[in-house]
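What follows is one structure encoded as structure tokens, with my remarks underneath.
Lettering follows sequence order; numbering is per chain, from 1.
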There are 2 protein chains.
Amino acid sequence: MPATPRSRRERPAKPALTREGIVGLAVGILRAEGLHKVTMRRLAQELDTGPASLYVYVRNTAELHAAVLDELLGTLAPPPAEGDWRERLERVLIAYTGMLLEYPSLARSALTAWPSGPHYLDLIESLLGLLDEGGVPRERAAWGVDLLLQRATATAAEHAGGDSRDDWDALGDALGEVSARAHPHIAAASGLLLSGAPEARASWAFQALINGIEHTAVPEPHE
Amino acid sequence: MPATPRSRRERPAKPALTREGIVGLAVGILRAEGLHKVTMRRLAQELDTGPASLYVYVRNTAELHAAVLDELLGTLAPPPAEGDWRERLERVLIAYTGMLLEYPSLARSALTAWPSGPHYLDLIESLLGLLDEGGVPRERAAWGVDLLLQRATATAAEHAGGDSRDDWDALGDALGEVSARAHPHIAAASGLLLSGAPEARASWAFQALINGIEHTAVPEPHE
DNA sequence: ACCTGAACACCGTTCAAGT
DNA sequence: ACCTGAACACCGTTCAAGT
């Protein structure tokens, strides 16, 4: 009797037609080919079925993307144990941003289709824990996590799609050509607006956010 | 001789096949039917030509969207003249956010395809002017505008696409079901995380941002 | 140069029908 | 219930050919 043909083993076994199987397959395609290849049709093809079959397990493409993101969040390193709370908070946020920057189109998707999976909750828990450690009042911390997570997601999302370099250049040109008459403040700040290494800007932005959250009172009847 | 048929005048005259004509038509379709109808094919159809013709005037869909946004930015009210600088700054940002909230998918698009049109420059000029009035150091102001504009854009973008209400509910459920053992900080803050009227949160967020920008030093060699 | 029809290579989602 | 093929109603962009 011949053994199971080798070719069967060259690729990972065809995933099961279950939510886990679909999401896992989606993660694989994302890693190998990018989010634009993670389509219902492609997934179905790989599972030897029609696209309609997937709708039993996922509501739509947006929900699938959110599930994929939560899966990736699970691969993030745990929050650092050493350093000042501000520094550790920044490191968690930079790690999250970094992961999203590997898949900017997923970040773009996450901005609209909010994740609510277990790993996303872990991330929120880390942020709240660190803010609490820093003595930031609970209400400010609660409202603040939205600011921090949104900054991370939006920053990564900006790199999705078309050459963001082109846009940067275009804006740079526009800022440079500005007349000191019509736009005096831009003219005065033009060198500064796009200055600095991305890392330095990212770090500054998170510290500014943290400072702002720490020192801005939430309105009274925070119901 | 018969006059020009009336039907010719029932709709606005067919725009010219120029960049202005295309962008203007796009704005009209956006207002009437939403961004998802602003497609190359639809535009071409309305101009009695094939989609290929448009590529002489716009590089691609993303660039078209950016042009549309800049056009809409031109309809924004001028910055308010009364009140404390912080208050006026917030009002400019809220007005911008409000406009984007009318077209969340355009906001989503703006996050990736940066506008660099004249009206966008005016907006940057306003922000820099108000920060300067508040005595915020130039370098902080320059880096800060990115934070402020990104917050506005991302907040509006979150409302694009699928029911953001569903996601909110899903996250609310997930946060509520959390175990105090695994996620103590979430459990303690669960009521707070999604609390508050959208307006109150938006206002707080901008004030926190402004405070953070004002009080966070930019690193030394700000090259 | 500008303009075009046709083609390439796809999409998400729904529906009626089967098991 | 779960699963499916086929259909509906589209996309953006490129290319070769015309004027």
* To do: Examine distances only and state if a side-chain atom of A:H65 and a backbone atom of A:S109 form a donor-acceptor pair shorter than 3.5 Å.
  => no

* **A:R41 CZ to D:dC10 C1', straight-line distance once rounded to whole Å** => 11 Å

* Asked: Would you find a donor on one side and an acceptor on the other, under 3.5 Å apart, between the side chain of A:T75 and the backbone of A:L72?
  -> yes

* Set of residues satisfying salt bridge (Lys or Arg N to Asp or Glu O under 4.0 Å) with respect to B:R91, sequence neighbours excluded -> B:E87

* Using the P atom as the reference point in each nucleotide, state the distance between C:dC10 and D:dA9 in Å, no decimals. => 23 Å

* Structure fact -> Picking from C:dT4, C:dG12, D:dC3, the nucleotide nearest the side-chain atoms of A:Y55 would be C:dG12

* **Side-chain (B:Y57) to main-chain (B:L17) donor-acceptor, under 3.5 angstrom** => yes

* Asked: What nucleotide, of D:dC3, D:dT14, C:dT13, holds the atom closest to the side chain of A:M40?
  -> C:dT13

* Would you check if B:E158 and A:T112 make a side-chain contact, meaning some heavy-atom pair closer than 4.5 Å? => no

* Structure fact -> Dot-bracket assigned to DNA chain D with the 3.5 Å Watson-Crick/G-U criterion, [ ] for crossing and | for other-strand pairs, is ||.|||||...|||||.||

* Spacing between A:Q45 atom CD and C:dG12 atom P, to the nearest angstrom -> 12 Å

* Just how far, in rounded Å, is P of C:dC11 from CG of A:L64? -> 14 Å

* Distance in angstrom units between B:I22 CD1 and C:dC2 C1', rounded -> 12 Å

* Under 3.5 Å, is there a donor-acceptor pair between the side chain of B:E63 and the main chain of B:R59? -> yes

* To do: Round to the nearest Å and state the distance from A:L47 atom CG to D:dC3 atom P.
  => 11 Å

* So, B:E125 and A:H183: side-chain donor and acceptor under 3.5 Å apart, yes or no? -> no

* Asked: B:L54 CG to D:dT14 P: how many Å, rounded?
  -> 13 Å

* Contact class for B:T39 (heavy atom, under 4.0 Å): base, sugar-phosphate, or nothing? -> sugar-phosphate

* Asked: Closest nucleotide of DNA chain C for A:K37 versus for A:P51: which of these residues is on the 5' side?
  -> A:K37

* Asked: Base, sugar-phosphate, or nothing: which does A:T61 touch, judged by heavy atoms less than 4.0 Å apart?
  -> sugar-phosphate

* Asked: Going by an N to O cut-off under 4.0 Å, is there a salt bridge joining A:R151 and A:D146?
  -> no

* Asked: Has A:T49 got a side-chain N or O lying under 4.0 Å from the OP1 or OP2 atom of D:dC3?
  -> no

* Within residues 26-35 of chain A, find the residues that approach DNA chain D with a heavy atom at under 4.0 Å, and present them sorted by residue number. => none

* So, do B:F206 and B:T97 sit near enough that their side-chain heavy atoms are less than 4.5 Å apart? -> yes

* How many angstroms lie between atom OG of A:S105 and atom CG of A:L30, to the nearest 0.5 angstrom? -> 7.0 Å

* Asked: To the nearest Å, how far apart are A:E63 CD and C:dG12 P?
  -> 15 Å

* Take the protein atom OH of A:Y57 and the nucleotide atom C1' of D:dC2, then report the distance between them rounded to whole Å. => 7 Å

